[in-house]
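Only one structure is covered here, and it is reproduced in the block below.
In this text, all values refer to a predicted model and were calculated from it rather than measured experimentally. The sequence lines fix the lettering, A, B, ..., with proteins before strands; numbering per chain opens at 1.
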Number of protein chains: 2
Amino acid sequence: MATTAKESTRERILDIALELFTEHGYDKTSLRDIAERLGTTKAALYYHFKSKADILLELHLRLHDIGRVLLEELDAYQTGVERAAAWPTIINRFIDEVAANRELVALHQRNQNALEDLHNSERHRAANEDMEQQFRRLLSSPDIPVATRVRMACSFGAVISGMLTGDLFVDIDTDELTAHVRQAVGDLFR
Amino acid sequence: MATTAKESTRERILDIALELFTEHGYDKTSLRDIAERLGTTKAALYYHFKSKADILLELHLRLHDIGRVLLEELDAYQTGVERAAAWPTIINRFIDEVAANRELVALHQRNQNALEDLHNSERHRAANEDMEQQFRRLLSSPDIPVATRVRMACSFGAVISGMLTGDLFVDIDTDELTAHVRQAVGDLFR
DNA sequence: GTCTATATAGGGATAGAC
DNA sequence: GTCTATCCCTATATAGAC
């Protein structure tokens, strides 16, 4: 977040990629596109990243960092029941993160299949396997009522849909939108 | 839906494409992949469709048909307030449609950027412009409280997320899942 | 309606100079 | 750290025979 005045080239590449990948999609964004916007050439990118997928991976890991923090917090609780009880709190934190990282979330929403290929990357597997499996286990916990688990799944989409459709609510700012989403999602758990 | 015993080649191509586009993504699915699965060659596809994008367009229009029906129903009401009041009912119908067309919905969820390119297609513009604008207008109606509009947006994502994460709830079938989602989403409007 | 063969283009990636 | 030049591959799409 701390955008230093003197930003490293690597950082600038990531910023540009985030923008282009989000707007035009990962597959339709060529390295040439990124290089052009950066004011350099394709080959230069290869000094900083070993492949196109590597750029995407780096961006993906940013979201990983966010998710990991939340899941760790959830992991502090032992039983599924306790975790389900903590969920509303976690979701609230999640809402804040989405608000603070809208473009990053949008990138993930619109490039799901491109992101899936990263699963075969070694570097990603390590970071991911825990997290994803942990998440799956949570949603399949037999000691949480199905109704509750379904609501957990729903809340996820509700947050993203509510926060990212924000362009339509021209009349309100992010803070207000966040508050509304928080309230709406809160009602899913009562 | 009516899968006739003697299915036209065109229909089979669409079915295969739906499957491959959904699983591997539109961009990473080549016409060769489709042709192979069909037991024929690339060139043969061009007899039935004028381009790859045209195949995607055809699939997209199937979802259009569903959306149009729902929006028309909503359009029967005059004011934003009345429409907001009718929303829960519409959403319930939407849930049924998602349940009945899971793969089609998944296709759209995972290929958002590919689908965006269709907006430049003539054939699509006509069918789409009405619908999309109508939808945008609904979510920006000044006579509907913002809180309600945000909830409408949230409900959308909640349905999709709830219904499509269904693979995780191995212990319940579609009907039960549908019922739970219906209840959860219903709570967004009280 | 389906084939073979081919045109054409664009993308990712590498080599090697500077 | 960045450039030029180039390799190589795969993809869409078309032409024209059967």
Heavy-atom nearest pair, B:H24 first then A:N113, reads O-CB, 4.1 Å
From CG of B:L31 across to P of D:dA13 the rounded distance in Å is 7 Å
Residues passing the ring pair (Phe, Tyr, Trp, His ring centres under 6.0 Å) test with A:F156, sequence neighbours excluded, are A:F94, A:F135
- Query: Parallel, tilted or perpendicular: which fits the ring planes of B:H60 and B:H124, with parallel below 30° and perpendicular above 60°?
  - Reply: tilted
A:L45 CG to C:dT14 P, in whole Å, measures 13 Å
Worksheet item: Do A:S140 and A:R149 have side-chain N/O donor and acceptor atoms under 3.5 Å apart?
Response: no
Within residues 17-30 of chain B, the residues having a heavy atom closer than 4.0 Å to DNA chain C are none
The answer to which of B:T9 and B:K42 contacts DNA chain C further toward the 5' end, by nearest nucleotide, is B:T9
Residues of residues 32-41 of chain B with a heavy atom under 4.0 Å from any atom of DNA chain C, listed by number, are B:T40, B:T41
Within residues 48-56 of chain B, those residues having any heavy atom closer than 4.0 Å to DNA chain C are B:H48
From OH of B:Y46 across to C1' of C:dT4 the rounded distance in Å is 16 Å
Heavy-atom closest pair (B:L177 atom, B:G166 atom, distance to 0.1 Å) is CD2-CA, 3.9 Å
Check whether any side-chain N or O of B:Y47 sits under 4.0 Å from OP1 or OP2 of C:dG1, and answer yes or no.
-> yes
| said: Whether B:E73 and B:R93 form a salt bridge (side-chain N of Lys/Arg under 4.0 Å from carboxylate O of Asp/Glu) is what I want to check. | reply: yes
Checklist entry - Backbone N or O of B:Q78 within a donor-acceptor pair of the B:R83 side chain at under 3.5 Å? => result yes
In terms of heavy-atom contacts, B:L104 and B:R62 come closest through CD2-CB, 3.7 Å
Between B:S155 and B:W87, is there a side-chain donor-acceptor contact under 3.5 Å, judged purely by atom types and distance? yes
| field | Side-chain donor or acceptor of A:R12 paired with backbone N/O of A:E7 under 3.5 Å | value | no
Distances under 3.5 Å between nitrogen or oxygen atoms of protein and nucleotides 15-18 of chain C:
none

(message) Just by distance, no angles: are the side chains of A:D33 and A:S30 close enough, under 3.5 Å, to form a donor-acceptor pair?
(response) yes
B:H48 meets the ring pair (Phe, Tyr, Trp, His ring centres under 6.0 Å) criterion, sequence neighbours left out, with none
Counting only N and O atoms by type, is there a donor-acceptor contact under 3.5 Å from the side chain of A:D143 to the main-chain atoms of A:G80?
-> yes
